[in-house]
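Let me begin by presenting the structure, written as structure tokens, before commenting on it.
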Amino acid sequence: MDMIKVTIDGIQVEVPKGTTALEAARVAGINIPTLCYLKGINEIGACRMCLIEVKGARNLQAACVYPVEDGMVIYTNTPKVKSARKANLELILSNHDRSCLTCVRNQKCELQELSAQLGVTDIPYEGQRINYTIDESSPSIVRDPNKCILCRRCVSVCRNVQGIGAIGVVERGFKTVVEPVFDRKLDEVNCIYCGQCITACPVGALREKSDVERVWDAINDPDLHVVVQTAPAVRVALGEEFGMPIGTRVTGKMVAALRRLGFDKVFDTDFAADLTIMEEGTELLDRLNNGGTLPMITSCSPGWIKYCEHNYPEFIDNLSTCKSPHEMMGAVIKSYYAEKNNIDPASIYVVSIMPCTSKKFEAKRPELAAAGRPDVDAVLTTRELAGMIKAAGIDFNKLPDEAFDPVFGDSTGAGVIFGATGGVMEAALRTVYEIVTGKALEAVDIKAVRGIEGIKEFEVDLGSITIRTAVAHGTGNAKKLLELVKRGVKEYHFIEIMGCPGGCVTGGGQPIVPAKERMDKDIKSLRAAAIYDEDKNMPVRKSHENPSVKRLYEEFLGSPNSHLAHKLLHTHYTPRSKY
Amino acid sequence: MSRFILAEHEEKLAELNRIIDEYKGKEGPLMPILTKAQELFGYLPYEVQAHIAEALDIPVSDIYGVATFYSQFSVKPKGKYKIGVCMGTACYVKGSQLILNELIKELGVQPGDTTEDGRFTLEATRCLGACGLAPVMMINEDVYGRLKPEDVKGILDKYRDK
């Protein structure tokens, strides 16, 4: 690689050709302030916060889109630079709803941090403000354009990464606003509620629809038996909300915190992930043996499901009919668990802690109500759970490690890897291989389906048949893969698709990592590594060996895909319009 | 306002598809396609934008963004008579804001909007190039100059029964 030398604030650094001034400055130990910049997603030089002076250049330049040249001399800290940045920031603030104290992003806001960093002490430009209606139409995402600073990070991730474009930049000049087309609300367009826009937003213009109050009410209702379950990805991210490094596993502390919040039972969605593998693995074998629709595509990710319904209704028959794990858990709690413990299902309230905003929408699907009432009553994001723990005054970092409640707290390593892209595939193959071949799988780690490559392929020799599999994460990659399948370029038996890039570990409900940290930390890989560590440390690592899952079949469901299993654990899908 | 049904405009749709085919795959196809679509349909209804989005395999929000960015495009139907009130410097100094206010009152719509009966679209425009007649407004091709707010009602009446 061609290396070039540049001098930044008197410090000489050597960087590869094509490096931006922003990146080069970081090599020199200088953090140039940014606002619209989001590495790999939004690099457009729009906000002008990263202005720098380049020796010989006439105007100030935006460092995030300015490639350095050999011998270039750059100044990042001159009075001219500082006053220009500050004036730009003050102009942004002049049309910003500055109700910071009551904002969901208070103390976690990049704009707020920048104001402090740049020493903004008053608002010199008080001018006209447009009052926008807050869009609360969706069960998952709230849009507040009054707080939007038009950085376009959400638009880029939605359009370019996810390939959707549910929101876009509308109008121009002072009237510019980020919103769906034709004054529509979010629930009137093809938004899949993945929440990637939320984790991209530097401010509080996008947030999840909070269900915290409903959950507090349930906990405080003496007539309700309130059961909580946690998705695999939550345990490897929750710690970040309490100052721990990205990729810290806090499973035990999380369980302890949930117990202290007052939940009557703390269960693990990983158990239901194992159950999903039993159902989905059986479904796959049935499709393979009996001429069913192939490729079968996983159905755990509600963002992906909604994407498929909007954009690829022709693939609906390819979707596994399995409910997503937390919905299966809800259905089993309100039937088997209720019966076994002699609790009226009507008085059971199931709360799911999810890394996902789309799960809030999923829980409200009318078809996901096996017992005539919703399988899951409320969904909270990882961020909302952190908020509850803080509100309750629990010192999270000092909590002891506690274990999930039996029996729906029993799980395997296969269940936990659902949280990372490729995990469902790996878990399914661990089980399907052993069932079909009758041999023990020696290499439990199926590394070919791990990692953050957009589309991964893997073939498994099952003796009688070699099954071809593919894994895609992020709906942008899903689109690429499905187009190949549609055109007949690729043929697979089994496909895993997750709606979010990276899978659930980087879901839209996860802790928000500021753009500055995202410059040199790969959140997807760090959190996924924690997931695989968790898997490695489990005594049982294959879903079909989960003793509690076996007992559930023996005592209640009969066998995978039985009539009762179908009634409780399977679902159907609805074609939706793309426009 | 009744819903725009694309299939009811068979000939225009065929023409639009011809233009899409011509520009598809070339660099910057959106502007010429939208210009033609606006010419064909008088404005850019959602259904037309969705049709173009599907054909070009881009999100409809891309198209809506462009359509709302440039003032030459309209996403709402235009009235039979398009009223343009000049907001250029000369007209403004001569009180065109008062003329515009009077029109807003008379028609019951804001600039950029169309009356419910579809008769008038009110617009505040840039300089019309008739500064000597300031303040000026145009109704379709007719020019009215040296206006006073009290003239507005009488002028509108001429178009109300046409």
Side-chain angles (χ1 to χ4, degrees), chain A residues 44 46 130 135 143 145 148 150 152 154-186 188-192 194 196-197 307 310-314 475-476 478-480 482-484 486-487 576-579, chain B residues 1-7 9 13 16 20 24-25 29-31 33-34 37-38 41-78 87 97 109-114 123-126:
Chain A
I44 59 172
I130 302 181
D135 178 359
R143 286 190 326 107
C148 177
L150 304 173
R152 290 154 171 81
C154 57
V155 175
S156 291
V157 78
C158 183
R159 186 199 183 284
N160 303 335
V161 178
Q162 294 294 66
I164 295 169
I167 46 175
V169 184
V170 175
E171 285 284 348
R172 70 191 291 178
F174 186 66
K175 279 156 80 182
T176 310
V177 58
V178 170
E179 61 180 20
V181 297
F182 277 83
D183 296 322
R184 292 188 180 195
K185 299 261 190 320
L186 220 44
E188 296 168 324
V189 294
N190 60 344
C191 176
I192 62 166
C194 68
Q196 288 299 310
C197 56
Y307 180 83
H310 280 294
N311 300 282
Y312 290 96
E314 65 270 32
T475 48
K479 181 179 174 170
K480 281 183 208 153
L482 292 179
E483 288 298 330
L484 292 174
K486 224 165 118 172
R487 294 207 310 270
R576 296 170 200 269
S577 169
K578 186 170 167 186
Y579 297 103
Chain B
M1 196 178 25
S2 65
R3 208 180 132 79
F4 182 92
I5 298 165
L6 198 54
H9 302 260
L13 183 60
L16 177 62
I20 291 172
K24 197 177 174 176
L30 203 47
M31 288 302 280
I33 293 173
L34 289 187
Q38 166 107 0
F41 299 98
Y43 71 111
L44 298 171
Y46 178 67
E47 291 73 11
V48 169
Q49 295 190 33
H51 180 79
I52 298 169
E54 190 64 30
L56 298 180
D57 193 23
I58 55 173
V60 68
S61 55
D62 276 18
I63 298 180
Y64 188 67
V66 172
T68 55
F69 185 89
Y70 292 103
S71 58
Q72 75 207 64
F73 299 125
S74 173
V75 299
K76 292 182 212 160
K78 293 286 176 194
M87 287 286 144
Q97 184 67 52
V109 293
Q110 291 298 315
D113 289 344
T114 301
E123 263 166 15
T125 71
R126 314 251 179 234

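Lettering of chains follows the sequences in order, A, B, ..., and the numbering in each one begins at 1.
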For the student: nearest non-hydrogen atoms of A/V170 and A/P180, plus distance: CG2-O, 4.4 Å
Contact origin within B/A67 toward chain A - heavy atom pairs under 4.5 Å: neither
side-chain contact (heavy atoms from CB on, under 4.5 Å), paired with B/V48, selected from B/L34, B/I63, B/L16, B/V75: B/L16
B/I33 side chain near B/L56 side chain, heavy-atom distance below 4.5 Å: yes
Atom pair CG (B/L44) and CZ (A/F182), whose distance is rounded to the nearest 0.5 Å: 7.5 Å
Pairing residues for A/C154 by the side chain to side chain contact (heavy atoms under 4.5 Å, CB included) criterion, not counting sequence neighbours: A/I167, A/V178, A/C197, A/L206
Between chain B and chain A, which N and O donor-acceptor pairs fall under 3.5 Å? A table would be great.
from	atom 1	to	atom 2	distance (Å)
B/E54	N	A/Y579	OH	3.3
B/E54	OE1	A/K578	NZ	3.2
B/E54	OE1	A/Y579	OH	2.5
B/D57	OD1	A/K479	NZ	3.0
B/D57	OD2	A/K479	NZ	3.4
B/S61	OG	A/G165	O	2.7
B/D62	OD1	A/R159	NE	2.8
B/D62	OD2	A/R159	NE	2.9
B/D62	OD2	A/R159	NH2	2.5
B/Y64	OH	A/F182	N	3.4
B/T68	OG1	A/E171	N	2.8
B/F69	O	A/R172	NH1	3.1

Polar side-chain atom of B/K78 near backbone of B/G42 as donor-acceptor pair, under 3.5 Å: no
Portion of A/V169 that has a non-hydrogen atom of chain B nearer than 4.5 angstrom: backbone
